[in-house]
Amino acid sequence: MNIAICDDQVGYLNLIKKKIIECFHEEEIELYVYTYSSVDEFIDSVKEHSYQFAFIEMRVENNHGIEAAKRLKKRNPACQVVFVSDQYRRVPEAFQVRAREYLLKPIKTEVFKDVFDYLMNWYLDQNIKFVVPIRDIGRKRIFSVDEIKYFETYYNDLEIVTVNDEHFMTHVKNRYRLRTALKSRWFMQVNQSVLVNMKCIDFLTDRNVILKSREVFPTSRGTLVKNHLLYDKFLKYLEKKK
């Protein structure tokens with residue numbers, strides 16, 4: 001993942017980079033953060049780098065932040081812009097150029113964390129897909145995160161079940177790559193064999209996880225409390241998104 005920061009205040013340039021690195025926890029994705037104090041240098045860098053996110057100070061080089069965002073979008077249209085400013089009244093301007101978010105200076109750690117978590121959740125929802133070789137069809141199949149309801153391991157086999165109740169079998173070795181990425185995308189490790197998409201959960205008991213499609217999975221005693229806390233956190237996340 002490539003993230004750019006454009007700000008002619010060196011202190012904030014370094015601060016935002018530091019906060020991005022501190023808030024980034026995706027083990028499966030490599031992170032590269034590029035800093036620029038000049039708009040022209042920033043825009044020229046698009047020749048070499050395709051950015052997923054760009055943090056742009058609205059008043060960079062005498063109020064050229066909006067212009068910088070417009071120039072960036074022409075060359076790197078998929079890049080999501082986060083404007084940074086000490087002026088709340090400029091929020092409407094930011095969203096006229098379809099900014100993804102707006103950060104006010106001075107930047108508070110908790111506010112930055114919430115914004116960055118939102119950005120990463122959006123990015124992963126849009127981009128995370130898995131290419132898995134499927135035994136029954138003799139070729140690879142692409143799965144998106146929200147398409148997977150749960151997966152379950154049986155000795156040397158891994159069964160992937162979709163929200164449309166399609167069942168696919170692959171080798172168990174593929175679980176390690178899937179498990180690491182899915183657990184960061186609101187998937188719950190119910191027991192040693194089963195990982196469940198929390199969007200598909202109806203409710204939890206002291207012994208089981210019950211899905212909306214009525215599948216029931218026994219919960220490991222060692223993960224019982226942890227899973228209840230995780231599910232509460234997930235419900236609060238959904239409430240916050242409304």
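Of the possible donor and acceptor atoms, one in the side chain of His228 sits under 3.5 Å from a partner among the backbone N and O of Thr205. With hydrogens and angles ignored, the 3.5 Å screen pairs a side-chain donor or acceptor of Asn191 with a backbone N or O of Pro218. Between the side chain of Ser220 and the backbone N or O of Thr223 there is no donor-acceptor pair closer than 3.5 Å. Of the possible polar contacts, none joining the Asn2 side chain to the His49 backbone as a donor-acceptor pair under 3.5 Å is found. Although no hydrogens or angles enter the test, the distance criterion places a donor-acceptor pair under 3.5 Å between the side chain of Asn121 and the main chain of Asp117. No donor-acceptor pair under 3.5 Å is formed between the side chain of Lys149 and the backbone N or O of Val196. Not a single donor-acceptor pair under 3.5 Å links the side chain of Glu110 to the backbone N or O of Lys108.
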Quick one, Glu61 with Glu67, criterion side-chain contact (heavy atoms from CB on, under 4.5 Å). Give me CA distance, side-chain angles, the key distance, then yes/no. CA-CA 11 Å; Glu61 294 187 340; Glu67 179 192 337; over 6 Å; no
Run the side-chain contact (heavy atoms from CB on, under 4.5 Å) check on Val209 and Leu211 step by step: do they pass? CA-CA 7 Å; Val209 172; Leu211 303 191; 4.2 Å; yes
Set out, in order, the CA-CA distance, both residues' side-chain angles and the distance that settles side-chain contact (heavy atoms from CB on, under 4.5 Å) for Met198 and Leu230, then state yes or no. CA-CA 9 Å; Met198 282 190 271; Leu230 180 62; 3.7 Å; yes
Evaluation steps, side-chain contact (heavy atoms from CB on, under 4.5 Å), between Ile16 and Phe112: CA-CA 9 Å; Ile16 295 171; Phe112 187 90; 4.2 Å; yes
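Between Leu13 and Glu57 there is no side-chain heavy-atom pair separated by less than 4.5 Å. In this structure the side chain of Glu159 reaches within 4.5 angstrom of the side chain of Tyr154, judged on heavy atoms. Looking at Val97 and Ile66, their side chains come closer than 4.5 Å, going by heavy atoms from C-beta outward. Annotation: side chain of Arg75 is in contact with side chain of Lys47 (closest heavy-atom distance under 4.5 Å). Residues Leu72 and Val46 form a side-chain contact, since some pair of their non-hydrogen atoms from C-beta on lies under 4.5 Å apart. Side-chain contact check for Leu103 versus Val82: some heavy-atom pair is nearer than 4.5 Å. Using a 4.5 Å heavy-atom threshold, the side chains of Leu119 and Arg100 count as touching. Between His167 and Ile160, the closest side-chain pair of non-hydrogen atoms is not below 4.5 Å.
Using a 3.5 Å distance cut-off with no hydrogens or angles, the side chains of Gln52 and Tyr123 do not pair a donor with an acceptor. Side chains of Lys105 and Gln9: a donor on one and an acceptor on the other come within 3.5 Å. Side-chain contact of Asn197 with Arg185: a donor-acceptor pair under 3.5 Å is absent, judged by distance alone. Side-chain contact, Ser45 with Tyr36: a donor N or O sits under 3.5 Å from an acceptor N or O.
For CG of Asp165, the number of neighbouring non-hydrogen atoms (other residues, nucleotides, ligands) closer than 6.0 Å is greater than 12. The local environment of CZ in Arg214 is crowded, with over 12 non-hydrogen atoms from other residues, nucleotides or ligands closer than 6.0 Å.
Contact check on Arg71 versus Asp40 returns a salt bridge, with a Lys/Arg side-chain nitrogen under 4.0 Å from an Asp/Glu carboxylate oxygen. Using a 4.0 Å cut-off between charged side-chain N and carboxylate O, Glu22 and Lys113 make no salt bridge.
Hydrophobic clustering, with ILVMFWY side chains joined whenever heavy atoms are under 4.5 angstrom apart, groups Phe55 together with Tyr118. One hydrophobic cluster holds both Met120 and Leu31 under the rule that ILVMFWY side chains link at heavy-atom gaps under 4.5 Å. Val216 and Tyr231 end up in different hydrophobic clusters when Ile, Leu, Val, Met, Phe, Trp and Tyr side chains are linked at under 4.5 Å. When hydrophobic clusters are built by joining Ile, Leu, Val, Met, Phe, Trp and Tyr residues whose side-chain heavy atoms come closer than 4.5 Å, directly or via intermediates, Phe116 is grouped together with Val111. Ile201 and Val163 fall into different hydrophobic clusters, defined by Ile, Leu, Val, Met, Phe, Trp and Tyr side-chain heavy atoms under 4.5 Å apart, directly or through other members.
When each of Val84, Val81, Val115 is paired with Glu101, the side-chain contact (heavy atoms from CB on, under 4.5 Å) condition holds for Val115 and for no other.
Between the NE2 atom in His64 and the NZ atom in Lys70 there is a gap of 11.5 Å [rounded to 0.5 Å]. We find the CG-OG distance between Asp8 and Ser37 to be 7.5 Å, quoted to the nearest 0.5 Å. Here the straight-line distance linking atom SG of Cys200 with atom CG of Asp146 works out to 8.5 Å at 0.5 Å rounding. Asp157 CG to Glu152 CD: the interatomic distance, rounded to the nearest 0.5 Å, is 11.0 Å. In this structure, CD1 in Ile56 is found 6.5 Å from SG in Cys6, a value given to the nearest 0.5 Å. Here Ile5 contributes atom CD1 and Lys19 contributes atom NZ; the two are 12.0 Å apart, rounded to the nearest 0.5 Å.
Considering all non-hydrogen atoms of both residues, Pro77 and Lys74 come closest at CD-O, 4.3 Å. Closest heavy-atom contact between Leu195 and Gln189: CD1-OE1, 3.3 Å. Annotation for Phe83 and Ala69: closest pair CZ-CB, 3.5 Å, computed over non-hydrogen atoms.
In this structure, Phe42 and Tyr51 have tilted ring planes: the angle between them lies in the 30° to 60° band.
Screening residues 185-220 for ring pair (Phe, Tyr, Trp, His ring centres under 6.0 Å) gives Tyr150-Phe217, Trp186-Phe234, Trp186-Tyr237 as the qualifying pairs, with residues at least two apart or on separate chains.
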